[in-house]
Amino acid sequence: MRITRLKLSGFKSFVEPADLIIAAGLTGVVGPNGCGKSNLLEAIRWVMGEGSPKTLRGGAMDDVIFAGTARRPRRDFAEVTLFAEGVDTQSGRIAGVEDGDVEVARRIDRGAGSAYRLNGRDVRAKDVALLFADAATGAHSPALVSQGRIAAVIAARPAERRAMLEEAAGIAGLHVRRKDAEQKLRATEANLTRLGEILADMDSRAQALRRQARAAERYRTLSDRIALAEARTMFARYRICIAEEKQAGEALAQSEDGARAAQEAQLGAAATARAAIDALAVERTAAQQARDAVTAARHRLDRLIAERQTAERRLADLADQLQRLDRDEARETELDRDAAAASERLSLEAQELAARIQALDATMPDLTARIAILDAGARDADVALAQAMARLDPSTGRLSLRRAAASASSAARVARAAAWAPDRAACA
């Protein structure tokens, strides 16, 4: 296999499309440090399927895309195309690739990942790696020597030297295919193991389903028998219900006759009850009127008693004033002639008070007579109330009679007090 051409676009420092022709013999690239010589080797590794950004001196795979400068904007994709000739694909193991010239292209979009094309057809990264492995090369081939790789080759371990010899012998692709086949075999074995577990699980489930099917068959049979037994039971209940319906009809007819008789008796009792209720209402109205009259008489009696007590207090006050006046007059007689005028005025006031006392004494018999008349009316009302309550309830009537007797005794006490009041006023 011989690389004849390398085409770059947007890869690292190659912002503009660049085409590197690798002619027969020795091709060299000369330039100062930092001009991008190492980027050419990294582009070859990258298009061969390199997946580690650290190998390409980057932190992420998107770092291979031109990041931009102060004068140029950054690019959104990078693409590298490698042309090779003399490729032996070992009887066309890769579909669509024949022996001879091949064109391998890899494109990466920022944030979208890489895509591979082989002779214009989309392929997998694995197909590209197998193609270069069959050609005894690849992204990690010892034939690609970068800075510091010479010392690494010299100090290589036996396993690394063996890998270089196998690549030089052209069997590196066989090892890659063997590794791929072993991975597929292990995956197949795992799938077979899983399939066995699934089959065992399916067998256990099938046995459970068979048991469930037998149980369902028994359930169907028992359900049919139960349905038949229920139908027979329902028919027997239907016949019993018909007989009970006939008996209930006869009992209903008898009950209706008894209900009609009871209804007639109830109507008679209701008429009697209405008459009794009307009579009771009349008696209650009369009793209420009597209670109202007694209450009014009591209120009038209480008012008259209060007036009499007020008059008695006033008479007592006047008597006290008269006594004070007498004492003042006795003291004033001992004063000089200058107090004669005051004594005369006091005498006049004493005469006026005596006149008022006589006037109050004159009205006292009239008040006593009015109180006696009101007491008589109250007693009559109490007697009428007691008689009405006796007709309604004997116990209530006796209570009313006691109240009337108590009221009569209180009226007698009031009359005695009124008779005693004028005597006390005369004594005063």
Side-chain angles (χ1 to χ4, degrees), residues 48-55 60-62 88-98 104 106-109 111-136 138-140 158-160 162-163 166-167 169-245:
M48 285 183 176
E50 178 61 54
S52 175
K54 293 182 179 180
T55 306
M61 192 56 71
D62 287 348
D88 184 7
T89 58
Q90 297 183 4
S91 302
R93 290 182 181 178
I94 301 176
V97 179
E98 299 179 355
V104 180
R106 182 178 180 180
R107 178 187 174 98
I108 181 172
D109 293 321
S114 301
Y116 293 87
R117 291 194 309 275
L118 185 59
N119 289 346
R121 298 182 60 181
D122 292 334
V123 295
R124 301 173 299 173
K126 183 178 180 180
D127 297 333
V128 175
L130 285 176
L131 174 65
F132 288 107
D134 291 338
H140 301 283
E160 296 175 349
R162 179 180 177 182
E166 289 177 351
E167 184 176 348
I171 61 175
L174 295 177
H175 285 290
V176 173
R177 294 180 184 277
R178 184 188 68 180
K179 183 178 180 181
D180 188 20
E182 289 176 352
Q183 291 178 353
K184 290 182 179 179
L185 286 174
R186 285 193 293 270
T188 303
E189 289 176 355
N191 291 335
L192 289 174
T193 303
R194 178 59 181 163
L195 180 61
E197 295 175 355
I198 293 173
L199 289 175
D201 187 19
M202 291 297 105
D203 290 338
S204 61
R205 291 185 181 183
Q207 293 177 1
L209 290 174
R210 292 190 191 95
R211 290 193 298 270
Q212 293 177 5
R214 289 193 295 269
E217 186 64 27
R218 290 195 300 271
Y219 173 77
R220 189 181 296 109
T221 303
L222 292 175
S223 297
D224 295 338
R225 293 179 180 177
I226 291 171
L228 180 60
E230 288 179 350
R232 291 176 178 174
T233 304
M234 292 297 293
F235 180 72
R237 289 181 180 176
Y238 174 72
R239 296 179 63 181
I240 293 171
C241 289
I242 290 175
E244 291 179 352
E245 183 182 4

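Sequential numbering from 1 along the given sequence is applied to the chain's residues. Keep in mind that the numbers below use all heavy atoms, side chains included, and drop hydrogens, waters and symmetry copies.
Taken to the nearest 0.5 Å, the OH atom of Y219 stands 7.5 Å off from the CD1 atom of I226. Separation of atoms CG (D203) and CZ (R205) is listed at 11.5 Å; rounding is to 0.5 Å. Between the CE atom of M234 and the SG atom of C241 there is a distance of 8.5 Å, given to the nearest 0.5 Å. One distance of note links CE of M202 with CG of L195; it measures 10.5 Å at 0.5 Å rounding. The line from CD1 of I198 to OG1 of T193 is 11.0 Å long, rounded to the nearest 0.5 Å.
The side-chain contact (heavy atoms from CB on, under 4.5 Å) test applied to S52 returns E50, K54, T55, not counting sequence neighbours. Residues forming a side-chain contact (heavy atoms from CB on, under 4.5 Å) with K184 (at least two apart in sequence, or on another chain): K126, D180. In terms of the salt bridge (Lys or Arg N to Asp or Glu O under 4.0 Å) criterion, D224 has no residue partners (sequence neighbours excluded).
Side chains of I108 and M61 form a contact here, defined as non-hydrogen atoms less than 4.5 Å apart. Using a 4.5 Å heavy-atom cutoff, the side chains of L118 and D127 are not in contact.
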Output a table of donor-acceptor pairs, distance under 3.5 Å, between side-chain atoms of residues 208-217 and any protein atom two or more places apart or on a different chain; print 'none' if there are none.
residue	atom	partner	partner atom	Å
E217	OE1	R220	NH1	2.6

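What you find for Y116 and A125 is that their closest heavy atoms are CE1-CB, 3.4 Å. Taking all atoms of both residues into account, the shortest heavy-atom contact from A60 to P53 is C-CB, 3.6 Å. Closest heavy-atom contact between R117 and D122: CG-OD1, 3.2 Å.
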Could you give me the CA-CA distance, side-chain angles and deciding distance for R107 and D109, then say whether salt bridge (Lys or Arg N to Asp or Glu O under 4.0 Å) is met?
CA-CA 7 Å; R107 178 187 174 98; D109 293 321; 3.4 Å; yes
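Residue pairs that meet the salt bridge (Lys or Arg N to Asp or Glu O under 4.0 Å) test with at least one member in residues 186-198, sequence neighbours left out, are R194-E197. Note on residues 225-240: no pairs pass side chain to side chain donor-acceptor pair (under 3.5 Å), not counting sequence neighbours.
Between the side chain of D62 and the main chain of G111, a donor-acceptor pair closer than 3.5 Å is present.
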